[in-house]
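Just the heavy atoms: all of them, side chains too, but no hydrogens, waters or symmetry mates, feed the values below.
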Amino acid sequence: MKALTHPTGVVDVISEPKASGVLRHGPVRVADDGRHLEHEDGSPFLWLADTWWHGFTERISQREFGELAGTRAQQGFSVVQIVAGLYPETIPLGPEGRSTSGWVWEEDFSAPNVLWFDEADRRIRELLKHDLIPCIVGAWAYYVRVMGTTRLLRHWRELIARWGAYPVVWCLAGEPPSTWKLEHGDDNAADSLGRSIVPLLDLDEAAVAAQLAGLNEVARGVRELEPFGRPITIHSIPARQPWEFLEDDRLVDFWLLQTGHQGVRSLAPSVGALHEALAHEPTKPVINGESCYEGIAGSSWQETQRFLFWTHMLSGAAGHSYGAHGIWAFNTPDLPGLFSGLAPTWKDAAEFPGAAQLGVGRRLLLELPWHAFKPHPEWVEPHFSEKDLCLPYAAGVENGPRLFYFPGHGLIGDQLSLAQVRLRELGDRRWRGQIIDPRTGSPGPDLVIESDDDGTALLQSGYRGWAPLPSWEDWLLLLRPV
């Protein structure tokens, strides 16, 4: 082998993020139980993601990006979901997808834009500086039809080479099969530069089959390319499970669901989809990666966010993803309704209360052996069932802490069902209980609960009124054996 002589060039040395929580504990992987995620050192990792699909665009500056990351980290988030330049619901290489250094690929799709990636590098490092793991979506699914598999795999080689050594998570694609039809170009040509897209609810079977075949080719290629062992997932569409799009479940490590944005009408279907994914074999961690953005269509506010978080976590989810309408696309005053009509700006959406309240939930769980919790609906009566998924939830450890979630009046529709709550399978021991406000994490006074001869006890909180809970809002109950 010949040695290089008189090499010339410039090497830029970039300081890496300090070894704080994420870097100190190591990257994320699937835990041995197949249900949860953990760090490389074995410490459990509780996923709470914010959704920044368009987070590399010029609509948010580098300074603002760092400030928002700092806010979310302080609130308790651990992940940011972000798309690597090939964004959802935009014209390919359209003005909405531009960063200050242009687009992720050259305008003729001849090669990746190195300057774009240099700019994006700074944002990835900013997330890691704040202990936020980037969940990087390679492309929205319709780019399989725009770019073809060869270019998409070239895109993935760039992503893995740039960021694979970091503790990142990879998402193969968003929303397969695509519900968008490309215009002004040949849908079937690998070099199609379709310059506009229109929503199409029913793609023909041939188009769907071609897109999914290409997606699976990309998935196999990414699995072969990825040398670092970073977890790989795929994002789905409402009413469809992500494994329906893959030829081999081994191509991904965990499931990232999407369950709809129809407010209260999406609550029971979201829980149902989660339970179906948890029961799917082979066992994999399950996370609802998109449901009911806070503020979407003027609805899905903080009570909806709490319901989704707590019902999912007490059902066995490995974490949960939050989204604020206005942030996912980083709407600005000059683009107040980007993709979505009367959406707020991202700065206004950043103040929505649901984000902080889910951070409260994550911090509360981190004080408990949450990764060892198992769902036990039989521990409380009434409780949810397939007939009514909006009744109370329970999970915990057999001889340890137990956590109960009681949905609020506005979500379950019949608070009379909670006029009498019976705790079950308590054994012959005493329990110390606390009713906790899920909005603030503030606990109420201690309760002492002693079981009857049959191992059950009525919940009597000491609050005045006809029900055992402080009010018609949603509440948590934490029990610990004395």
Side-chain angles (χ1 to χ4, degrees), residues 44 46 48 75-76 302-303 305-317 320 353-354 356-384 390-412 415 417-452 455-482:
L46 178 48
L48 178 58
Q75 289 172 330
Q302 59 267 30
E303 75 283 354
Q305 306 308 316
R306 294 193 304 271
F307 177 91
L308 290 167
F309 177 83
W310 286 111
T311 58
H312 286 44
M313 292 308 303
L314 297 189
S315 293
H320 190 71
Q357 293 176 13
L358 298 200
V360 165
R362 181 173 181 269
R363 287 195 294 271
L364 192 157
L365 287 172
L366 290 177
E367 296 175 0
L368 301 168
W370 66 271
H371 56 288
F373 277 16
K374 295 188 183 305
H376 283 282
E378 73 279 5
W379 284 351
V380 63
E381 189 64 41
H383 60 75
F384 79 88
C390 295
L391 287 173
Y393 288 70
V397 181
E398 284 284 351
N399 297 309
R402 300 182 177 187
L403 190 60
F404 303 81
Y405 176 66
F406 301 95
H409 172 74
L411 299 180
I412 67 172
Q415 196 71 11
S417 63
L418 300 184
Q420 186 176 84
V421 174
R422 182 166 290 275
L423 305 175
R424 296 188 174 276
E425 299 192 19
L426 298 173
D428 57 358
R429 67 195 333 163
R430 300 170 70 208
W431 296 79
R432 181 169 60 88
Q434 283 185 320
I435 291 180
I436 298 173
D437 185 345
R439 291 153 284 276
T440 64
S442 301
D446 284 356
L447 309 174
V448 176
I449 296 174
E450 298 194 39
S451 62
D452 298 332
T456 72
L458 283 175
L459 176 60
Q460 297 177 346
S461 65
Y463 290 95
R464 299 179 65 183
W466 56 268
L469 299 171
S471 70
W472 280 8
E473 283 81 13
D474 53 327
W475 293 94
L476 296 165
L477 170 65
L478 175 61
L479 288 188
R480 297 179 188 269
V482 175

*Drop me the distance from L403's CG to L365's CG, to the nearest 0.5 angstrom.*
6.5 Å
*Search all heavy atoms of V482 against all heavy atoms of R432 and return the closest pair with its distance.*
CG2-N, 3.7 Å
*For residues W475 and P470, report the shortest heavy-atom separation together with the two atoms involved.*
CZ2-CB, 3.5 Å
_Distance check, rounded to the nearest 0.5 Å: L308 atom CG versus W310 atom CH2?_
13.0 Å
*Heavy atoms, side chains only, cut-off 4.5 Å: are V380 and F406 in contact?*
yes
_From CG (L478) to CG (L368), nearest 0.5 Å_ = 5.5 Å
_Looking at G427, is its backbone amide N or carbonyl O close enough to the side chain of S451 to form a donor-acceptor pair, meaning the two atoms are under 3.5 Å apart?_
yes
*asked:* Rounded at 0.5 Å granularity, tell me how far NE2 in H376 sits from CG in L314.
replied: 11.5 Å
*asked:* Measuring only between side-chain heavy atoms, which start at C-beta, is I449 closer than 4.5 Å to L426?
replied: yes
*asked:* Within the 4.5 Å heavy-atom criterion, are P438 and R306 side-chain neighbours or not?
replied: yes
*Side-chain contact, heavy-atom cut-off 4.5 Å: I435 with L476?*
no
*Where is the tightest heavy-atom contact between G400 and P481, given as atom of each residue plus distance?*
O-CD, 3.5 Å
_What I want to find out is whether D446 reaches R480 closely enough, with some N-O distance under 4.0 Å, to be called a salt bridge._
no
*asked:* Just so I know, are the side chains of W472 and L418 near enough to count as touching, which here means a heavy-atom distance under 4.5 Å?
replied: no
*asked:* I'd like to check F373 versus M313 (side-chain heavy atoms, cut-off strictly below 4.5 Å). Are they in contact?
replied: no
*Determine the minimum heavy-atom distance between F307 and C390, stating which atoms define it.*
CZ-SG, 3.8 Å
*Sidechain-backbone polar pair: R363 side chain, L358 backbone, donor-acceptor under 3.5 Å*: no
*Side chains of Q357 and R439: donor-acceptor distance under 3.5 Å anywhere?*
no
*Between atom CG of L477 and atom OH of Y405, what is the distance when rounded to the nearest 0.5 Å?*
13.5 Å
*How far apart are the C-alpha atoms of D452 and R422, what are their side-chain angles, what is the distance that settles it, and do they pass the side-chain contact (heavy atoms from CB on, under 4.5 Å) test?*
CA-CA 11 Å; D452 298 332; R422 182 166 290 275; 3.5 Å; yes
*Return the minimal non-hydrogen interatomic distance between A394 and W379, and the atom names on each side.*
CB-CB, 4.1 Å
*So F384 and Y393, would you call those rings parallel, tilted or perpendicular, with 30° and 60° as cut-offs?*
parallel
*Can you see which heavy atom on R362 is nearest to which on L46, and at what distance?*
NE-O, 2.9 Å
*asked:* Quick check: do P468 and L458 have side-chain heavy atoms less than 4.5 Å from each other?
replied: no
*Spacing of CD belonging to E381 relative to CG belonging to L459, to within rounding of 0.5 Å*: 13.5 Å
*Have R424 and T456 got a donor and an acceptor in their side chains that come within less than 3.5 Å?*
no
